[in-house]
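FYI, side chains are in, hydrogens and waters are out, and symmetry mates aren't considered; it's all heavy atoms of this structure. Proteins come first, then strands; the chains are lettered A, B, ... in the order of their sequence lines, and each starts at number 1. Model, not experiment: these values are computed from the prediction.
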Amino acid sequence: MKGLRYLFFTTLKNSIKQLVKNPAKLVMVLVFVLLIGLMVVSSLAAPLSADELRDPKELSAMVLVLYGFMFFLGSNNGFSSGASFYSMADVNLLFSCPISQKKILVYGLIRQLQTSLLLGFFLIFQYGWLYNTYGISVGAMLAILLGYCAVTFCSQLTAMTIYSFTSADEGRKRMVKYTMRGVFLVLLAAVALPLLENTQDLLGGALKSATAPWVNFIPIFGWLTAAVTGVLAGNWVLVAAGAGATVVFVLLMLVLVTRMHADFYEDVLKATEVSFSAITSKKEGQLRETVPKNIKTGAVGIGGGSGASAFYYKHKVENRRARVFLLDTTSLVFVGTIWLFSFFMRDGGLVAVFAFATYMQIFSVSMGRWLRELTLPYVYLVPAGAFQKLLAICRETILKICVEAVLVFLPAGLILQAKPLEIAACIFARIGFGVLFMAGNILIERILGTLTSKTLILFLYFLILIVLAAPGVVLGVIVGIFLSSTALAFAAMAVWNLGASILIFYLCRDILNYAELNNK
Amino acid sequence: MFQVRGVTKRYGKVVANDSICFDVKDGEIAVLLGPNGAGKSTIIKCIAGLLRFEGEIDLCGYPNKSLEAKALLGYIPEMPAVYDLLTVSEHLEFIARAYQLTDWEGYADELLSRFELTDKKDKLGKELSKGMQQKVSICCALLHRPKVAIFDEPLVGLDPHAIKELKDIFVELKQAGASVLISTHMLDSVEDYWDVAHIMMNGSFAATKFNRPGQEGEKTLEELFFDITERKDAAR
């Protein structure tokens with residue numbers, strides 16, 4: 001145990017030392033802390049009127065959906081590679097050490113708790129709007145965060161148990177997989193079917209279903225939602241019941257893992273290797289895409305293109321293999337999330353939905369195939385004009401941005417009962433932002449290509465995006481106020497964004513001659 | 001031929017290459033030797049036009065970032081560069097289209113056959129082992145019959161058949177008048193065919209040796225390598 005304690009505390013100490021030694025990371029952490037502090041203070045300083053607050057049941061429903069999604073997503077890994085609490089160094093050095101497996105399991109659990117806590121930090125940034133909409137306290141926010149960490153932790157543990165139980169037996173794997181999916185569908189139906197009875201008030205119906213008492217009995221995410229709802233409502237019996245049931249579940253899973261398989265090393269080995277290769281490729285700057293496990297190759301051949309345009313045709317083949325029909329899975333999840341957001345925030349209007357959608361867009365644009373192209377040498381080596389190559393590798397993403405804009409705002413506009421002109425302007429503005437974010441990425445590559453600190457690059461990327469987008473937003477607000485037209489405000493924003501993007505594309509037209517191969 | 005004139009590459013305060021000058025003539029095989037971190041891969045990436053640098057690099061009289069130079073260059077990276085979602089044959093078709101090659105199919109089949117990839121033609125990049133990915137990378141770099149070929153640790157991960165085949169290809173490139181530069185740690189892998197060897201230490205050339213068989217009293221490549229690298233290591 002001494003060795004494990006030494007390893008844990010030395011790793012912790014060294015990561016803090018690294019933070020102090022690395023000013024960019026330190027500045028980023030300080031900025032994050034400052035932002036959180038500012039957000040909490042400014043939110044608490046603003047007076048809240050109880051009449052303006054929305055029903056806290058909505059918050060409970062959102063927590064249920066988030067926790068449920070995280071739990072199913074995490075535990076589903078148990079059917080492929082399992083889940084691992086360990087790093088490759090743990091596997092190579094610790095597993096061969098003369099230390100009891102149970103102690104190593106405890107060490108892994110503590111490490112996993114640490115990771116889950118870090119993963120949940122993004123939730124704190126939601127405090128501002130949660131306070132303004134539901135008037136929640138800092139304590140309640142922390143409860144949501146802790147619940148999130150617990151769900152992530154339990155999903156990993158469940159994945160590990162599922163893997164241990166099913167990895168050696170395909171029949172058993174199928175049985176557990178279909179049972180879990182069946183349970184998921186039954187739960188979904190239980191929430192969705194009552195909605196059909198009253199189509200007039202879908203939101204009310206969905207809320208009623210998602211906050212029904214039986215939901216509190218769903219293992220893990222139901223229990224943890226109950227605990228969080230208990231904190232929100234000051235019902236400590238609910239908190240104790242939800243948290244207690246979760247603790248019992250964790251203990252049960254631990255007993256199952258250690259009893260069922262005396263040797264769990266083999267079970268975590270594959271998952272560790274999978275996550276190690278993902279981490280390594282991330283460190284090397286290679287953006288890995290999530291491709292289906294079994295790919296249907298289909299027709300073979302690039303089928304078109306000559307010189308620079310060969311890249312675009314290659315992207316089309318890659319999209320077909322990745323089963324991208326119009327949009328990839330992650331983008332479709334984003335689109336669905338925005339629809340849901342517009343459904344729940346119908347009173348907020350088109351502007352609130354647009355702001356939320358633009359925030360999500362930053363992440364979807366940064367996953368385009370063109371960025372992956374920059375990490376391989378071919379785009380620099382092919383003897384074609386740098387600007388032609390730049391346009392060819394961006395073509396697929398630009399098309400995706402346009403399709404996504406229509407897919408997002410046509411339904412969202414209908415949900416919000418916006419005017420056709422407003423919807424069209426919104427689509428146009430979203431395309432503008434998409435192209436601007438892409439241009440921001442190109443600008444970063446052009447001016448910061450030699451920087452080796454990925455953290456600093458990310459920090460400056462957000463800063464540059466804010467600087468590029470700010471004039472458009474200001475212009476939109478001014479046009480909106482003076483001409484009293486939402487459609488014109490969106491159009492003004494789009495004009496600025498597209499103009500700025502065209503200028504950046506023009507100034508960075510030689511980027512593929514000067515960019516560093518981004519795979520350091 | 002290609003010429004490297006006063007190339008310096010910095011990563012922040014770290015000087016990875018310091019005023020490097022050398023050239024590789026037509027039909028010549030040059031090798032870059034040196035311990036880890038000596039700057040071999042950096043100079044290779046500079047020649048391939050993948051990094052910014054100070055100085056000049058010309059390939060067959062063209063600046064290395066010009067389209068003419070790119071059309072003449074073949075680069076085999078240290079880490080295999082393949083697309084996960086393209087099949088082996090599609091990698092070659094993509095290169096042929098991007099380089100606007102004509103009548104490339106016969107040579108593509110020959111390369112695949114030499115590297116025992118014919119039966120893997122329809123396999124996707126992600127389904128290949130690292131060694132096979134390296135073979136695909138090599139085929140892609142050779143398909144357009146480069147006049148300048150630069151290899152960064154090309155033998156790592158290859159099976160004995162592919163190593164033998166690649167060594168033959170080095171010699172064939174030389175006979176065809178191409179300029180070949182190979183960076184490697186494996187001294188014994190290059191002893192049969194090198195013309196000139198540059199030993200790198202701390203970002204610059206510590207010694208250059210020409211292959212003149214039968215010259216008495218001259219140190220072998222291995223002796224020279226250890227003489228330089230271990231002496232300097234001790235002195236540091």
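A donor-acceptor pair under 3.5 Å links the side-chain atoms of Arg97(B) to the main chain of Gly305(A), judged by distance alone. Between the side chain of Lys70(B) and the backbone N or O of Tyr380(A), at least one donor-acceptor pair lies under 3.5 Å. Remark: side-chain polar atoms of Glu90(B) are paired, donor with acceptor, to backbone N or O of Gly301(A) under 3.5 angstrom. Between the side chain of Tyr378(A) and the main chain of Ala81(B), a donor-acceptor pair closer than 3.5 Å is present.
When all heavy atoms are compared, the tightest approach of Leu376(A) to Val82(B) is CD1-O, 4.0 Å. Shortest non-hydrogen contact noted between Tyr99(B) and Leu381(A) is OH-O, 3.5 Å. Residues Ala98(B) and Ala310(A) approach most closely at N-CB, 3.9 Å, considering heavy atoms.
The CG atom of Leu86(B) sits 4.5 Å away from the CD atom of Glu318(A) when rounded to the nearest 0.5 Å. Between Asp84(B) atom CG and Arg321(A) atom CZ the span is 12.0 Å, to the nearest 0.5 Å. Note that the CG atom of Leu67(B) and the CG atom of Asn513(A) stand 7.5 Å from one another [nearest 0.5 Å]. Note that CG of Leu85(B) and CZ of Arg369(A) are 6.0 Å apart. Values are rounded to the nearest 0.5 Å.
For chain A, the nearby part of Ser89(B) is the side chain; its heavy atoms alone come within less than 4.5 Å. With a threshold of 4.5 angstrom between heavy atoms, Leu124(B) approaches chain A through side-chain atoms but not through N, CA, C or O. Ile95(B) touches chain A through its side chain: at least one heavy atom from C-beta onward sits under 4.5 Å away, while N, CA, C and O do not.
By number of non-hydrogen pairs under 4.5 angstrom with chain B, the leading residue of Ala308(A), Ser309(A), Ala386(A), Ser306(A) is Ser306(A).
A 6.0 Å sphere centred on OH of Tyr62(B) holds no more than 12 heavy atoms belonging to other residues, nucleotides or ligands. Under a cut-off of 6.0 angstrom, the local environment of NZ in Lys174(B) is crowded, with over 12 non-hydrogen atoms contributed by other residues, nucleotides or ligands. Counted within 6.0 Å of CD on Glu172(B), heavy atoms from surrounding residues, nucleotides or ligands total more than 12; the atom is thus considered enclosed. Counting heavy atoms of neighbouring residues, nucleotides and ligands inside a 6.0 Å radius, atom NZ of Lys121(B) does not exceed 12 of them.
For the residue pair Tyr313(A) / Glu93(B), no side-chain donor-acceptor distance below 3.5 Å is found, with atom types taken as modelled.
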Checklist entry - After noting the C-alpha distance and the side-chain angles of Thr297(A) and Asp122(B), does the key distance pass the side-chain contact (heavy atoms from CB on, under 4.5 Å) rule? => result CA-CA 8 Å; Thr297(A) 309; Asp122(B) 292 333; 5.6 Å; no
